[in-house]
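This is the structure I want to talk about, given as structure tokens.
Below, each value reflects all heavy atoms present in this structure, side chains not excepted, and no hydrogens, waters or symmetry copies. Each residue takes its place number in the sequence, starting with 1.
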Amino acid sequence: MGTELTVQKTRLLRRREHELRAAQYIRMSTDRQQYSIANQMALIANYAAEHRLEIVRSYIDEGISGLRINNRHGLIDLLNDVQSGAADFANILVRDVSRWGRFQDTDESAYYEFICKLAGVKVIYCAEVFENDGSPISSLWKNMKRLMAAEVSRDQSAKVFAGHCRIVGLGYRVGGVPGFALQRELVDASGKSRGFLERGQQKALQTDRVVLRAGPPKEIAIVRWIFKSFVGGKRETAITRELNAKGIASHRGVPWTPQMIGRILRNENYIGNTVYYRTSSYLRQRRVINGKAKWIRKEGAVEQVVPRNVFEDAQRIIERRVRRHLSSDLLLKKLRVLHLRLGTLSADAINRAKGMSCAAIYERRFGSLRKAYALIGFNPPGDYNYIDTRGERETLINQLAAGIAAAVPDVDSQLIAERTGGRLALKDGSFISLRVIRCWQHPQRHCRVWTLRRSAKQSPGVAVVVRLDEQNKEPLDYILTSRDRFPERPQIMTEAVVKKRYRSRFKSSTDLIRALKRQLNRQVERAS
């Protein structure tokens, strides 16, 4: 009897200790709110001290908008830990409802809180006037706060848009990286230059402004050659091949593509105009291409690089080409005839066929080549699910890159995109290569396998390989290895091969980043 009482008392004590453990979630909207995180931590720490709670974990999203969850790695890790049962705490401390998120759909905000509630973890808003105890008054206050948080984002968005329109109307630059042969100059309120901004740099003072300037003479000469070649009869593909053959780098540091050439040919910056609102993504929603009637344009704001008559000739060629292929019925008719003639279809076959529009036209018009194929009754052989999920894999790469850049010192936060994934540059000249590999069923071996391919450009450094699960929806594990261990030829790997060849495997991105930091620190110590 005495033993039973002792065991029960011990369990009650352990439960009590668990109920006093808490994690804190911190979110800062922009990098310029330099004291926001410290202020939130101080307020949460005071609340924890008053209520005798022990903060054992911290989840932080720095410079991240609260409109969506996609790029909020701190909140994603928090929810993953709660759902997986790895959470060693019973409370989540958040400053207020707006720090949890400014979701435009208030049900989304409630859903993420409900996930925690189902797992037995309580979300506490430390600075709110109500107690999050599930009472009707608490629910009413909480929903009002969620609506207010969403409305603040909508109101700020409208104000920012109006301010941008006014700034563009004055001839200043609004936006990020300029095009090829263009550079950004920072000027103060009196118009005095403060120097040129490099890629990734931003202005520090609200009173400063950014103006576009013509770039280096060599790049200007290349832009003029592009326009001259296009007006002279060369297509974007031919111009791309010639630039890459000469080893001329683009402004992104990657090989030229026909899409890059097309953007240059349509860019009014080269005739002295600044243009704003060509595309829009209201409150981080779907990107929309706006008509020319909605554009905000300021003429004569930039030094003219290309003669206006040459630019107008290029626009007439583009418009004539669009009008020539304007009819969707005509496009499909030609595609149907090509299918009957060849018996099959592909992007290369379409591009090689005389009298056919290029494959990119079909992709833009119908959304994808497969959608155009479906309209003429052609079902291409093979599994093309990897194309549909390409965007999800790119999002996973970007999320992982952001998490590594935020946690690992000496890492450039700018992801260098590759066809097979991406790279993060380190200050010592090496790279962290990121790769996502899909799972598929091998028809002969009757088991799940993954294919690992070496990229065309090998970079020194470490590599992170993310294996997807059987549904290719979620990461199965994270492999930390070196680039020199990548096979020369595509390697089909079973589960047994993975376990034998790659021992540094992790179930979560958090564990991966910890191991990556340790490995890089050891390399620095050996080098010193």
Side-chain angles (χ1 to χ4, degrees), residues 12-67 69 72-103 106-153 406-407 510:
L12 289 174
L13 288 173
R14 288 177 179 174
R15 183 183 302 174
R16 178 60 178 166
E17 291 176 357
H18 180 72
E19 289 175 353
L20 294 177
R21 294 170 66 86
Q24 60 178 343
Y25 174 69
I26 314 292
R27 183 181 64 82
M28 179 178 69
S29 299
T30 66
D31 293 330
R32 297 178 182 178
Q33 296 173 318
Q34 56 179 332
Y35 301 114
S36 176
I37 288 182
N39 292 339
Q40 292 180 55
M41 285 185 168
L43 187 144
I44 291 174
N46 290 335
Y47 182 94
E50 291 176 2
H51 294 78
R52 298 181 180 179
L53 297 175
E54 179 189 3
I55 299 176
V56 296
R57 299 285 292 274
S58 296
Y59 299 88
I60 301 175
D61 283 321
E62 297 187 50
I64 302 298
S65 168
L67 290 171
I69 196 174
R72 294 170 62 182
H73 309 294
L75 182 57
I76 292 172
D77 290 343
L78 169 60
L79 295 176
N80 287 339
D81 288 347
V82 168
Q83 287 181 293
S84 65
D88 56 349
F89 46 84
N91 306 280
I92 300 173
L93 305 182
V94 191
R95 185 188 184 278
D96 54 35
V97 172
S98 68
R99 294 304 89 196
W100 187 252
R102 297 185 183 275
F103 302 102
T106 56
D107 290 341
E108 184 177 2
S109 179
Y111 169 70
Y112 298 135
E113 183 179 329
F114 185 68
I115 289 176
C116 300
K117 184 179 179 180
L118 280 179
V121 181
K122 183 180 180 182
V123 178
I124 301 174
Y125 302 109
C126 304
E128 298 291 5
V129 297
F130 60 88
E131 185 74 22
N132 193 14
D133 54 4
S135 64
I137 296 298
S138 169
S139 300
L140 181 62
W141 268 105
K142 193 161 50 176
N143 285 328
M144 288 178 60
K145 287 287 187 176
R146 287 169 181 159
L147 287 170
M148 291 167 62
E151 181 58 32
V152 166
S153 294
T510 304

Open item on the list: Checking the side chain of R27 only, and the main-chain atoms of S98 only, is there a donor and an acceptor separated by less than 3.5 Å?
Closed with: yes

Open item on the list: Would the distance check show the side chain of R102 and the main-chain N or O of A150 forming a donor-acceptor pair, the cut-off being under 3.5 Å?
Closed with: no

Open item on the list: Hydrogens and angles aside, do K122 and N132 bring a side-chain donor and acceptor to less than 3.5 Å of each other?
Closed with: no

Open item on the list: Checking D133 now: which residues fulfil side chain to side chain contact (heavy atoms under 4.5 Å, CB included) with it, not counting sequence neighbours?
Closed with: E131, S135, S138

- [ ] Ignoring hydrogens and angles, tell me if any N or O in the side chain of S109 forms a donor-acceptor pair with the backbone of T106 under 3.5 Å.
- [x] no

Open item on the list: Is any side-chain heavy atom of I92 closer than 4.5 Å to one of C116?
Closed with: yes

Task: Residues, nucleotides or ligands: over 12 heavy atoms within 6.0 Å of L118 CG - done: yes

- [ ] Say whether, by atom type as modelled, one donor and one acceptor occur between the side chain of D61 and the main chain of L75 under 3.5 angstrom.
- [x] yes

Task: Geometric class of the F130/W141 ring pair [parallel <30°, tilted 30-60°, perpendicular >60°] - done: parallel

- [ ] Verify, without hydrogens or angle tests, whether R95 (side chain) and Q40 (backbone) share a donor-acceptor contact under 3.5 angstrom.
- [x] no

TODO: Measure the shortest side-chain to side-chain distance between V94 and C126 over non-hydrogen atoms and say whether it is less than 4.5 angstrom.
DONE: no

Task: Check: N91 side chain, E19 main-chain N or O, donor-acceptor pair, under 3.5 Å - done: yes

TODO: Run the salt-bridge test on D88 and R57 with the 4.0 Å N-O cut-off and return the result as yes or no.
DONE: yes

Task: Gap separating the CG atom of L93 from the OH atom of Y59, nearest 0.5 angstrom - done: 12.5 Å

Donor-acceptor contacts, no H, no angles, side chain residues 42-55, under 3.5 Å, sequence neighbours left out:
unit_1: N46; atom_1: ND2; unit_2: A42; atom_2: O; d: 3.3
unit_1: H51; atom_1: ND1; unit_2: Y47; atom_2: O; d: 2.9

TODO: For the pair L79 and Y112, evaluate side chain to side chain contact (heavy atoms under 4.5 Å, CB included) and give the outcome as yes or no after the intermediate values.
DONE: CA-CA 8 Å; L79 295 176; Y112 298 135; 3.7 Å; yes

